[in-house]
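Structure record follows, encoded as structure tokens.
On a predicted model such as this, the values are computed, not experimentally measured, just so you know. Lettering follows sequence order; numbering is per chain, from 1.
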Protein chains: 4
Amino acid sequence: MVSRRGRPRSSAVREKVVRAAADLALDGGPGAATVDAIAKRAEVSRTTIYKWWPSASAIVLEGLLDSVRDTIVRPPGSTTVQALEHHVGALFGLVADPAVGPLLRNVIAASVSDPAIERALMDQWITPRRAAVAVTLRDAVAAGELPARTDVEVAVDALVSPPYYRLMLGMAPLDDAGVAALVNTVWCGCRATRKVSGP
Amino acid sequence: MVSRRGRPRSSAVREKVVRAAADLALDGGPGAATVDAIAKRAEVSRTTIYKWWPSASAIVLEGLLDSVRDTIVRPPGSTTVQALEHHVGALFGLVADPAVGPLLRNVIAASVSDPAIERALMDQWITPRRAAVAVTLRDAVAAGELPARTDVEVAVDALVSPPYYRLMLGMAPLDDAGVAALVNTVWCGCRATRKVSGP
Amino acid sequence: MVSRRGRPRSSAVREKVVRAAADLALDGGPGAATVDAIAKRAEVSRTTIYKWWPSASAIVLEGLLDSVRDTIVRPPGSTTVQALEHHVGALFGLVADPAVGPLLRNVIAASVSDPAIERALMDQWITPRRAAVAVTLRDAVAAGELPARTDVEVAVDALVSPPYYRLMLGMAPLDDAGVAALVNTVWCGCRATRKVSGP
Amino acid sequence: MVSRRGRPRSSAVREKVVRAAADLALDGGPGAATVDAIAKRAEVSRTTIYKWWPSASAIVLEGLLDSVRDTIVRPPGSTTVQALEHHVGALFGLVADPAVGPLLRNVIAASVSDPAIERALMDQWITPRRAAVAVTLRDAVAAGELPARTDVEVAVDALVSPPYYRLMLGMAPLDDAGVAALVNTVWCGCRATRKVSGP
DNA sequence: TTCTAATCGAGACGGTACGTCAGGTCTTCTC
DNA sequence: GAGAAGACCTGACGTACCGTCTCGATTAGAA
């Protein structure tokens, strides 16, 4: 067993910082989660923060990923459509969650000017969620439920883009009926699609 | 017509400022278009800038809207699908345009922390483009090409969200085939949709 | 008449800053006169301070020079010895002054690690005071009161070094009798000096 | 004698630390000898340094005293003037030594804001050197070489202040001839002095 | 023409946050 | 117990932008 030398990192610090960042980002509006403000609220030294995180947004992102640790699994025994609705519905619910959406919006905005955030967001948030939907769709293609020519990436885009789009532009999220309609439309669209430039 | 007394506003100033902001935002990366930098580059006084614009992002937005003044019209004599492809294709092209996309991304990020930008962006960019697509879809419903139960807002979301989504997350834009597939999928999906929770 | 463009510099700011620095350096001990503390005490923005002064020590130096603006003049109609005693006595008095000595000590300490302070201190404080004494001595040589071989620089050193030496090392300053004795010793020494390496 | 329990203090550590401090203070300029830098250069833990020394300046001072361990003795069989010249010349030489002067300047500057350094510097450097000169002068008074009214403290000041003064202000040190002239002037001045306020 | 009201430029000023550096203290493991 | 490693806090540093402010210089219609 390898026990590190020196004083061990305090887990309390990490928690206080991440929680403070989330609190500030949530009820202080975006731009409130500065390193200074986080340090003050968490009662932690700014220096320590800079030692562990490269920016305020990185902290917010960490809090975001912390709060959403539920594994992305397909409900056992579900049909393809049920699985799709589960995945997409969960995503919509998440983005519309008042404790998650604002953080995500914050982080996406920050990712515009911070490649590191962009990468982390992509790797740890976007890609896993796209993958879950994509796998379900590809299984359906393999099972013959969807035609072989189905463009999975495009279908995934159609299914997952709207919540981000509405989030970033400050539009109200789709309600449950809207979500169901979206899934239904894309599902039927994939099945009904004919060759694009046919006779 | 009552022409004001005093020195009239110099149009040269507006142009220099807007151009400088766009240049900075484009090749300096986001965050480069600060008021200070714009003032220096445009060789205009900071005071003057503050007199006419509330923020740097507002200038970038103005430049964005300036550069995209093409009227959003339905090509005369086009079928519904052709019209849809034209509208959606134009939008995708715009967002993928290296002289437009970055500015837009910039402005959307700024809109997160600036309600005024959010409003202006919504009113002058998002809403008109959604409206064009929505009108086409509603016409199709009226003409019996699409079923009456079609949820137009959802269809619009599916059609227009992907480019913004990919733009904000730094993903490569869909290529032409992808765009065509998307339009086709949604169109077919709307036509083929059955009642969501049928027996 | 050249009237500057732009908002004119506020003289109140300069005064408040310089006074605050002096106050802090005097009753807060050395090391108390940081830029932060000065800004807070003077109720002036740190930015503004950095615009006009390169360091806290520069401000203290400015305050020092401000408070000692008395022209260095030889009393009219004085004999050489009287003039010397006046000059040297004034210097001793200044350095022993509780409102001047601590500032000077502060600045000399800072000059060790700041060439700009070193230069300014030299040019605006040390050199003028050495010069006054040197001129008086040289006049005495010219008048035949002192032998031609008198090493003026050495005599100046002997006369002016002690107060700085005692100041820097925290020793009590010489009292009036000590000052008189010093002047007398050096004066007589210069007159009585024989060739250093005689037969 | 009871030898302490536990690991004894490593003399290697002391040497490495002191040497590192001296090296940094000499070729890194003042301000370079921070505790951090010393720890890094000496490859010693900061904690260890803080355990044995109260400040970086204390280390520099220790190095200074280490490097100048020559006993201050009067050359046997010397005349008073020879002894004085020896003492004062040694002091001048020391202060002008490029391996000693900068350290001393450093320490004096630090003593301004650190009473402990001030005390140590006084007790272990200044006082012994003043004492050596004072004893010689007092012996001369006792022997009748100098008048009884000689103010020894003042004479000591005149003899030893100049090198410190020039050191602290960054002035070039006096050359050998200057030193000889200084000693000669003060010696003759002490012998020739008449009552200060005579008729 | 002269007045007058506006624009525009220059620059001072107060703020807030940034990211870094050094000083100290404390905790833990290793020798 | 000495020493190494390193986490942590404090406080100051100097910089970048922000937004406001006070000026003078310029411009062109209105009196």
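Remark: D:Thr48 is in phosphate contact with F:dA4, judged by side-chain N or O atoms under 4.0 Å from OP1 or OP2. A close approach under 4.0 Å does occur between a side-chain nitrogen or oxygen of D:Trp52 and OP1 or OP2 of F:dG3. Between D:Lys51 and the phosphate of F:dA2, there is a side-chain N or O to OP1/OP2 separation shorter than 4.0 Å.
When the C1' atom of F:dG11 is taken as reference, atom OH of A:Tyr50 falls 15 Å away, rounded to whole Å. The distance between atom CG of A:Leu24 and atom P of E:dA17, rounded to the nearest whole Å, is 11 Å. Taking atom CZ on B:Arg9 and atom C1' on F:dA28, their separation rounds to 17 Å, with Å as the unit. Computed from coordinates, the D:Lys16 NZ to F:dA4 C1' distance equals 11 Å when rounded to whole Å. The nearest whole Å value for the distance from the CH2 atom in B:Trp53 to the P atom in F:dT20 is 16 Å. E:dC8 atom C1' lies 12 Å from atom CD1 of B:Ile49, rounded to whole Å.
Considering all non-hydrogen atoms of both residues, B:Ile38 and B:Ala56 come closest at CD1-CB, 4.2 Å. Of all heavy-atom pairs between D:Ser55 and D:Asp114, the closest is OG-OD2, 3.8 Å. Counting all heavy atoms, side chain and backbone alike, B:Leu103 lies closest to B:Ala25 at CD2-CB, 3.4 Å.
Not counting sequence neighbours, the partners of A:Thr34 by the side-chain contact (heavy atoms from CB on, under 4.5 Å) test are A:Asp36, A:Ala37.
With a 6.0 Å radius and a threshold of 12 heavy atoms from other residues, nucleotides or ligands, B:Arg14 has its CZ atom above the threshold. Other residues, nucleotides and ligands contribute over 12 non-hydrogen atoms within 6.0 Å of the CZ atom of D:Arg41.
Closest-nucleotide positions on DNA chain F for A:Ser11 and C:Pro54 were compared, and the one nearer the 5' end corresponds to A:Ser11. Comparing A:Gly6 and D:Ala33 by the nucleotide of DNA chain E whose heavy atom lies nearest to each, the residue mapping closer to the 5' end is D:Ala33.
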What do the steps show when you test A:Met168 against B:Leu167 for side-chain contact (heavy atoms from CB on, under 4.5 Å), and what is the final call?
-> CA-CA 11 Å; A:Met168 293 310 294; B:Leu167 175 69; over 6 Å; no
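Within residues 34-47 of chain B, the residues approached by DNA chain E to less than 4.0 Å at the level of any non-hydrogen atom are B:Glu43, B:Val44, B:Ser45, B:Arg46, B:Thr47, in residue-number order.
Taking only distance into account, the side chain of B:Arg7 meets the base of E:dT7 through a donor-acceptor pair shorter than 3.5 Å.
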